[in-house]
Amino acid sequence: MLQTLRVHHPERHPPPVQSPRSEAELLGRTRAFAGCTLAEVAASAGVALPAEPARAKGFVGTLVERALFVCPKPGAAGPDLAELGIEIKTIPLAAGGQPRESTFVCTLPLGRLEHDTWETSAVRKKLARVLWVPVEHDRALAFGARRLGAAWLWSPSEAEDATLRADWDAVQRLVLRGAVETLDARLGTALQVRPKARHGGMRVRAPGEGEVPTSTMPRGFYLRATFTAAIVRACYPSAQ
DNA sequence: GATTGATCATAC
DNA sequence: GTATGATCAATC
């Protein structure tokens, strides 16, 4: 199962130095890492494993991007690979293939929701094409020993798009009514809204009940694990 | 044990 | 403050 990384032998297999230019190139590049441990991927990318993995929450996602030579523009919104319109998401899977966490999509644009529709939303743009990169997430497994699985490309089906739209519309209605404080993670069947901030004291402006805006905690859109579990079942049969 | 709410790190 | 990348940890 263990595969040798091409980049382990740069003299024989020159590593890529540019962002992938096609879906096939991206997929091939990613699948070369299937079966590799995080320690191996980190070595190939020339980065050290975190001393305290529990405090390095975004490490795996950033590591995979670096290993793939995908370099999103710093500070820029939108998909990781803007030209291909592809978003890269690592997804932590338990031994049985169940996602262990929800998937962050993007910030809830509380101040701009009035001018947004599902069709123009950042959620829809980001989820239009996703490269899912499965990563073992087993408590008994040391951080560096976790392995990547075989990645796959996904786009929402019509039914999935309709579900996401309904959830997104409900959030928009609620926020524009000035009821942002009643918004919590229980709303939405596929897409949910949860806090997304450095600490609990963070505040952003949102529509209030009258003309006056209110101040509230920043939030983000997340895909429920039940939703991504269905995607994994359909697209990643090796996770049975 | 799954879900919700809170938080960690980094760059600009 | 914004964006990127998520997972931790308290609660149900």
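Convention: sequence-line order gives letters A, B, ...; per-chain numbering from 1.
- Residue contacts shown for A56(A) are absent, as no nucleic acid heavy atom lies under 4.0 Å away.
- Atoms CG (L110(A)) and C1' (dT2(C)) sit 14 Å apart, rounded to a whole Å.
- When the nearest nucleotides of DNA chain B are assigned to G201(A) and R100(A) by heavy-atom distance, the more 5′-ward of the two goes with R100(A).
- In this structure, K57(A) places its NZ atom 5 Å from C1' of dC8(B), rounding to the nearest Å.
- Rounding to whole angstrom units, CZ of residue R66(A) and C1' of dG5(C) are separated by 13 Å.
- When each of dG5(C), dC8(C), dA3(C) is scored by its nearest atom to the side-chain atoms of D80(A), the top-ranked nucleotide is dG5(C).
- Closest to the F104(A) side chain, of the nucleotides dG5(C), dG1(C), dA3(C), is dG5(C).
- Between F227(A) and L164(A), some side-chain heavy-atom pair lies under the 4.5 Å cut-off.
- Two residues are said to be in side-chain contact when any heavy atoms from C-beta on lie closer than 4.5 Å; K89(A) and L223(A) fail this criterion.
- Residues from residues 176-198 of chain A with heavy atoms under 4.0 angstrom of DNA chain B, sorted by number: D184(A), A185(A), R186(A), Q192(A), R194(A), P195(A), K196(A), A197(A), R198(A).
- Side-chain atoms of S102(A) and R194(A) form a donor-acceptor pair, as typed in the model, at a separation below 3.5 Å.
- As judged by a 4.0 angstrom heavy-atom cut-off over every strand, G58(A) is placed among the base-contacting residues.
- Nucleic acid contact for P50(A): none, since no nucleic acid atom lies under 4.0 Å from a heavy atom of the residue.
- With rounding to whole Å, M202(A) atom CE is found 12 Å from dA6(B) atom C1'.
- Mapping G78(A) and I91(A) onto DNA chain C by nearest heavy atom places G78(A) closer to the 5' end of the strand.
- Here the CG atom belonging to L26(A) is positioned 5.0 Å from the CD1 atom belonging to I86(A), to the nearest 0.5 angstrom.
- In this structure, G220(A) reaches neither bases nor backbone, as no heavy-atom distance under 4.0 Å exists between it and the strands shown.
- Among the atoms of the strands shown, none is found under 4.0 Å from any heavy atom of V60(A).
- Counting non-hydrogen atoms under 4.0 angstrom, R146(A) reaches nothing in the nucleic acid.
- Every side chain to side chain contact (heavy atoms under 4.5 Å, CB included) that F104(A) has, sequence neighbours left out, goes to T107(A), K196(A), Y222(A).
- What you find for P20(A) and F69(A) is that their closest heavy atoms are CD-O, 4.2 Å.
- For T90(A) and dA6(C), the shortest distance from a side-chain N or O to OP1 or OP2 is below 4.0 Å.
- In this view, E136(A) and L141(A), R146(A), R147(A) satisfy the side chain to side chain contact (heavy atoms under 4.5 Å, CB included) rule, not counting sequence neighbours.
- At a threshold of 4.0 angstrom between heavy atoms, the contacts of Y222(A) include nucleobase atoms, whether or not backbone atoms are also involved.
- With respect to R129(A) and E83(A), no salt bridge is recorded, no charged nitrogen being found less than 4.0 Å from a carboxylate O.
- When heavy atoms are screened at a 4.0 angstrom cut-off, R219(A) is found touching no nucleic acid atom at all.
- Among the nucleotides dT4(C), dG1(C), dT3(B), the one closest to any side-chain atom of R224(A) is dT3(B).
- Regarding E52(A), its CD atom lies at a distance of 12 Å from the P atom of dC8(C), rounded to whole Å.
- Between the CD atom of E101(A) and the C1' atom of dC8(B) there is a distance of 13 Å, rounded to whole Å.
- In this entry the distance linking NE2 of H137(A) with P of dA6(C) reads 13 Å, nearest Å.
- Taking atom CZ of R205(A) as the reference point, atom C1' of dG1(C) lies 13 Å away to the nearest angstrom.
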